[in-house]
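Remarks on the structure that follows.
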Amino acid sequence: MTVLFDRIAFIGIGHIGSSLARVIKRDGLARRVVASARNQATLDKAMALGFVDAVTLDPIAAVKDADHVVLCTPVGAYAEVSRRIGPHLKPGAIVSDVGSVKLAVVEAIAPNLPPGVHFVPTHPVAGTEHSGPESGFDTLFEGRWVILTPPAGTDEAAIARVEALWRATGCMIERMDPAHHDKVLAITSHVPHLIAYTIVGTASDLEEHTKAEVIKFSASGFRDFTRIAASDPIMWRDIFLNNREAVLEMVGRLWEDLALLQRAIRMGDGPALERHFARGREIRRSVVVARQHIPPAPATSSGSANAKKTTTTTTKKNKKKS
Ligand code: NAP
């Protein structure tokens, strides 16, 4: 595999950052991988898992001499992080992020980058409900979409390098306007999470008040909502605060459709309900045809064996260096 970057710096090395870093280490896509986070415990875990060569609590030290910086913190931290690292970026460096929202992220990061630094925002449409460096895996992006939203006039060579990096993860790539991205993701990801958080909250209140057996009988549909609602609260707080308009528009449409269903149930309008539910089946079939129905999971146990091998080599290498 070709070396694509000399030094890649991750700011934030949780579920998404560590999954990308695992691919970079596995395939030797960068000569050196450096990570920064807020807590030493996170960095210690990343180091022990073996997909980084060096760690530091100081984001400025992390980005020094990096030719690619990937921001992998929750969306709400991007403005502050980019403000701190901006003046210390190497001329010609490429900055990208993995934020689930794009318009607000572009507005938060772009003004903090000096001229001569290329900004290529990305969103890997992949992930699980788990967080932290231990939850990532190198097959997370396989067969998934990664959306790029580069501002007009972005250097094509920089975009091509970021695309090459992501392509190595086995993903499919699409370019989109950030506002369009936010609308599409509002209905496919953000509002479904909002519904999951709501239904789980409502059920939990019910259980408290009526002692209904919600958890006991959770296999009947509720279980899938609980998985989604187990997602990181900070990450999702930031997504809703930063994609306010698109989410509110989709919630408005949802209210209307829900009211129609409510009315059909009240009026005993079986055909209306059947028509609506039949559409659900059709949509599910399209998702299966597009091969986006399989939940992400580590490929095989040999994946973790590889990770272990890398750990040993990397740690040894680092020990030699230090
Ligand atoms: P995560 O597992 O919780 O990891 C977040 C990382 O960011 C941690 O290493 C954390 O370090 C670090 N961090 C948090 N605040 C920071 C700050 N102010 N300065 C420096 N580091 C900071 O989260 P994730 O799931 O990887 O999500 C990261 C990004 O990916 C988010 O922007 C999210 O929108 C996007 N995304 C997530 C998914 C998904 O399904 N998870 C999918 C696509 C995109 P500490 O542990 O030290 O706090």
Side-chain angles (χ1 to χ4, degrees), residues 9-23 33-49 51-52 55-63 69-86 95-106 108-109 112 121-138 140-142 144-149 166 169 171 178 181-182 184-186 188-190 192-193 196 227-243 247 292 295-297:
F10 282 88
I11 311 297
I13 191 80
H15 187 58
I16 299 296
S18 78
S19 295
L20 181 57
R22 280 173 167 90
V23 177
V33 180
V34 181
S36 182
R38 288 176 307 184
N39 300 300
Q40 189 60 44
T42 302
L43 296 177
D44 290 344
K45 260 185 232 160
M47 200 68 195
L49 288 162
F51 46 78
V52 291
V55 290
T56 169
L57 286 169
D58 180 5
I60 295 168
V63 304
V69 175
V70 194
L71 306 183
C72 299
T73 68
V75 166
Y78 285 159
E80 174 58 20
V81 167
S82 57
R83 222 183 342 265
R84 284 190 70 191
I85 63 169
V95 172
S96 65
D97 71 291
V98 293
S100 310
V101 167
K102 293 278 55 103
L103 200 55
V105 159
V106 171
I109 298 174
N112 297 318
T122 66
H123 175 206
V125 186
T128 74
E129 67 278 23
H130 303 297
S131 310
E134 66 282 14
S135 71
F137 47 95
D138 66 354
L140 178 64
F141 309 112
E142 266 176 27
R144 307 286 158 182
W145 286 99
V146 171
I147 302 172
L148 271 63
T149 64
W166 279 103
T169 69
C171 74
H181 165 279
D182 288 357
V184 173
L185 269 293
T188 56
S189 168
H190 307 169
H193 275 81
R227 186 189 59 74
I228 300 173
S231 302
D232 186 60
I234 305 292
M235 173 180 140
W236 281 97
R237 176 201 67 191
D238 287 0
I239 289 173
F240 289 115
L241 293 180
N242 286 280
N243 197 19
V247 167
Q292 297 301 305

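For reference, positions follow the sequence shown, starting with 1. Both counts, for ligands and for their atoms, begin at 1 and track the order of listing.
When every heavy atom of Leu57 is checked against every heavy atom of Ala37, the shortest pair comes out as CD2-O, 3.6 Å.
Using a heavy-atom distance under 4.0 Å as the criterion, the protein contacts of ligand 1 are Gly12, Ile13, Gly14, His15, Ile16, Ala37, Arg38, Asn39, Thr42, Cys72, Thr73, Pro74, Val75, Ala77, Tyr78, Val81, Val98, Gly99, Ser100, His123, Pro124, Ala126, Gly127, Thr128, Ser131, Gly132, Met235.
One finds a salt bridge joining Asp97 and Lys102 here, because a Lys/Arg side-chain nitrogen approaches an Asp/Glu carboxylate oxygen to under 4.0 Å.
Thr56 places no side-chain N or O within 3.5 Å of a backbone atom of Ala61 that could act as its donor or acceptor partner.
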Inset, instruction - Take Arg38 and Thr42 through the test side-chain hydrogen bond (donor to acceptor under 3.5 Å, both in side chains) and record every step on the way to the result. - result: CA-CA 8 Å; Arg38 288 176 307 184; Thr42 302; over 6 Å; no
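Using the six-membered ring where Trp is involved, Phe240 and His190 have ring planes that are perpendicular, over 60° apart on the 30 and 60° scheme.
Under the 3.5 Å distance criterion, with hydrogens and angles disregarded, a donor-acceptor pair is assigned to the side chains of His15 and Thr128.
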